[in-house]
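I have placed the structure first, in the form of structure tokens, so that the comments after it can refer back to it.
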Number of protein chains: 2
Amino acid sequence: MSAQDGNWFIEHFDSAGVAFGLRLKQKLEAVQTPYQHIEMWETDTFGYLMTIDGATMLSSRDNFLYHEMMAHPALFAHAAPRRVLIIGGGDCGTLREVLRHGGVEKAVQIDIDEQVTRFSEKYFPELCESNDDPRAELRFEDGVKFMQDCEPGQFDVIIVDSTDPVGPAEGLFKAEFFRHCHRVLADGGVLVQQSESPLLHSDTIIRDLHVNMREAGFDHTQTLPFPQPVYPSGWWSCTLAGKGCDVGAFREADAAGKDFDTRYYSDAIHRGALTLPPFMSAAIGA
Amino acid sequence: MSAQDGNWFIEHFDSAGVAFGLRLKQKLEAVQTPYQHIEMWETDTFGYLMTIDGATMLSSRDNFLYHEMMAHPALFAHAAPRRVLIIGGGDCGTLREVLRHGGVEKAVQIDIDEQVTRFSEKYFPELCESNDDPRAELRFEDGVKFMQDCEPGQFDVIIVDSTDPVGPAEGLFKAEFFRHCHRVLADGGVLVQQSESPLLHSDTIIRDLHVNMREAGFDHTQTLPFPQPVYPSGWWSCTLAGKGCDVGAFREADAAGKDFDTRYYSDAIHRGALTLPPFMSAAIGA
């Protein structure tokens with residue numbers, strides 16, 4: 001549920017009992033697509049804000065935290081990623097980070113709703129600066145169907161950059177979907193899924209995610225927490241799963257010597273995020 | 001500014017243009033003290049909530065993040081802390097964490113407003129479980145005046161567990177106050193101050209804090225970020241300053257072998273928090 005309360009956009013995360021808001025300058029535009037209701041806002045201190053069905057998706061100011069952490073830990077955990085698949089991610093911010101890796105030869109992004117990308121090109125052009133990269137392929141179709149039809153061993157890294165596990169994205173957190181991911185990954189492959197709030201979801205969604213990923217055949221799983229102010233509790237996470245790849249480790253020298261700039265990610269941040277606070281380890285279990 | 005919006009408590013952080021809220025079960029009680037207006041709420045998912053002058057102070061659910069990070073990094077940075085001073089901290093949660101360290105012989109807590117402690121004893125008894133420890137001394141008086149009158153070299157660690165640097169607590173972020181802290185610390189002493197949001201304040205409050213601490217004579221300063229959902233942006237920090245003590249290091253073996261449990265803090269969390277994300281290092285400067 002969300003509401004415009006005077007000149008504030010306030011999102012009430014009903015299931016968690018927490019709310020987050022940003023002061024607005026103005027509402028810019030809205031569109032009802034076949035899939036969802038997308039709104040664009042200009043905020044006072046966070047730049048542009050995109051919401052989908054009333055839920056905060058991203059802001060100009062803090063999306064670097066999420067996009068860097070959805071891309072770089074997975075890519076540096078893999079020995080030599082060449083072929084990357086992004087499910088969701090229509091704002092193209094994850095795609096941009098992926099294409100910073102010189103070794104990547106192909107990055108396929110599958111978002112069901114083309115309008116997300118059209119709005120992103122208009123309001124977040126910095127996230128779309130790699131959309132014309134010849135290695136990028138943007139497809140607008142159903143990611144789950146794409147996965148079902150995909151030949152085995154086609155990708156080195158799969159990034160599931162989805163909305164919350166309620167409604168349309170629920171299936172993206174289940175073992176059945178992860179079995180497709182496991183099949184579509186080559187040996188040594190890495191899957192990463194955004195995995196909600198360490199404070200709010202460690203003993204529910206995050207714990208279940210590990211169970212489902214292992215049930216689907218992944219032999220290593222690892223959750224990495226990071227800050228994300230516009231999402232519930234301001235604290236978020238991604239969970240990596242390896243197919244014959246230890247995602248609790250990474251190419252530390254390559255990460256330290258990377259030839260592109262980042263604002264949040266670094267080899268030290270990656271190393272730090274690999275050790276969970278005690279309460280999370282206890283909640284997730286062995 | 002804060003408001004009860006239906007059954008939600010919503011705090012609008014006007015200066016930052018962000019809002020945070022919790023769903024309420026009920027308002028419990030309120031009191032106007034000579035210093036401030038304190039309110040107690042029962043929330044739906046975060047336990048009890050204390051607000052002062054409409055600003056969120058702490059909740060049952062997530063205060064462990066703040067209290068552990070205000071106490072343990074400073075105490076493990078010091079070689080052998082015996083005498084600890086807490087300025088503010090009337091909810092007693094920081095005091096409890098300090099007294100978990102067996103080597104501490106004396107912990108003095110100076111909060112101007114006794115009513116904060118009385119409410120904490122009633123609604124957060126778990127935070128007050130060490131108030132009767134013979135090593136604890138709870139004083140209700142002006143912390144700034146106490147510091148001005150204090151003899152030199154009386155303490156090994158000073159923890160400034162204050163509200164934001166606007167209004168009454170503004171002076172606690174200035175060089176003049178830090179000069180008193182420097183004088184009151186023994187050689188090898190450590191000062192720690194809560195230091196606002198890495199996303200919102202790195203190039204303002206946090207940067208200025210380092211300047212002011214060094215101007216006051218501290219030779220090492222170090223900011224450590226940590227999650228704190230109920231504060232603006234959900235991401236918070238503490239800043240340590242050393243008087244002949246390198247606060248960029250700590251007693252790693254002692255932290256790893258500590259004889260008490262923590263929910264967020266660990267030696268690995270401490271180590272991780274010592275390396276800042278690139279955007280913070282750039283904002284704070286050398």
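So that the names make sense, note that chain A is the first sequence line, chain B the second, and so on, each numbered from 1.
- Proximity to chain B is limited to the backbone of A/Ala16, based on heavy atoms less than 4.5 angstrom apart.
- By the 6.0 Å and 45° rule, A/Lys258 stacks over the aromatic ring of A/Phe260.
- For the set B/Leu199, B/Thr275, B/Leu276, the entry with the most heavy-atom pairs within less than 4.5 Å of chain A is B/Leu199.
- Of the listed residues (A/Pro198, A/Ala273, A/Pro227), the greatest number of heavy-atom pairs within a distance under 4.5 Å of chain B belongs to A/Pro227.
- For chain A, the option among B/Ala268, B/Gly272, B/Pro225, B/Ala19 with the highest count of heavy-atom pairs below 4.5 Å is B/Ala19.
- In this structure, B/Arg61 forms a cation-pi arrangement with B/Phe46, its terminal cationic atom sitting closer than 6.0 Å to the ring centre and no more than 45° off the ring axis.
- Interface remark: A/Leu22 contributes backbone and side-chain atoms alike to the contact with chain B (heavy atom separation under 4.5 Å).
- Between A/Ile284 and A/Met280, the closest side-chain pair of non-hydrogen atoms falls below 4.5 Å.
- Of the residues A/Leu224, A/Thr221, A/Asp246, the one that meets the side chain to side chain contact (heavy atoms under 4.5 Å, CB included) test with A/Leu240 is A/Leu224.
- The ring of A/Phe279 has its center closer than 6.0 angstrom to the ring center of B/Phe64.
- Looking at heavy atoms from C-beta onward, A/Gln193 lies in side-chain contact with A/Leu209 at the 4.5 angstrom threshold.
- Among A/Leu274, A/Leu200, A/Asp261, the residue with the largest count of heavy-atom pairs under 4.5 Å with chain B is A/Leu200.
- Your options are A/Pro229, A/Gly234, A/Gly17, A/Pro277, and the one with the most heavy-atom pairs under 4.5 Å with chain B is A/Gly17.
- Taking the six-membered ring for Trp, B/Phe76 and B/Phe250 have ring centres at least 6.0 Å apart.
- Considering only heavy-atom pairs separated by less than 4.5 Å from chain A, the leading option among B/Tyr231, B/Phe226, B/Phe20, B/Trp235 is B/Trp235.
- Considering only heavy-atom pairs separated by less than 4.5 Å from chain A, the leading option among B/Leu65, B/Val18, B/Thr45 is B/Val18.
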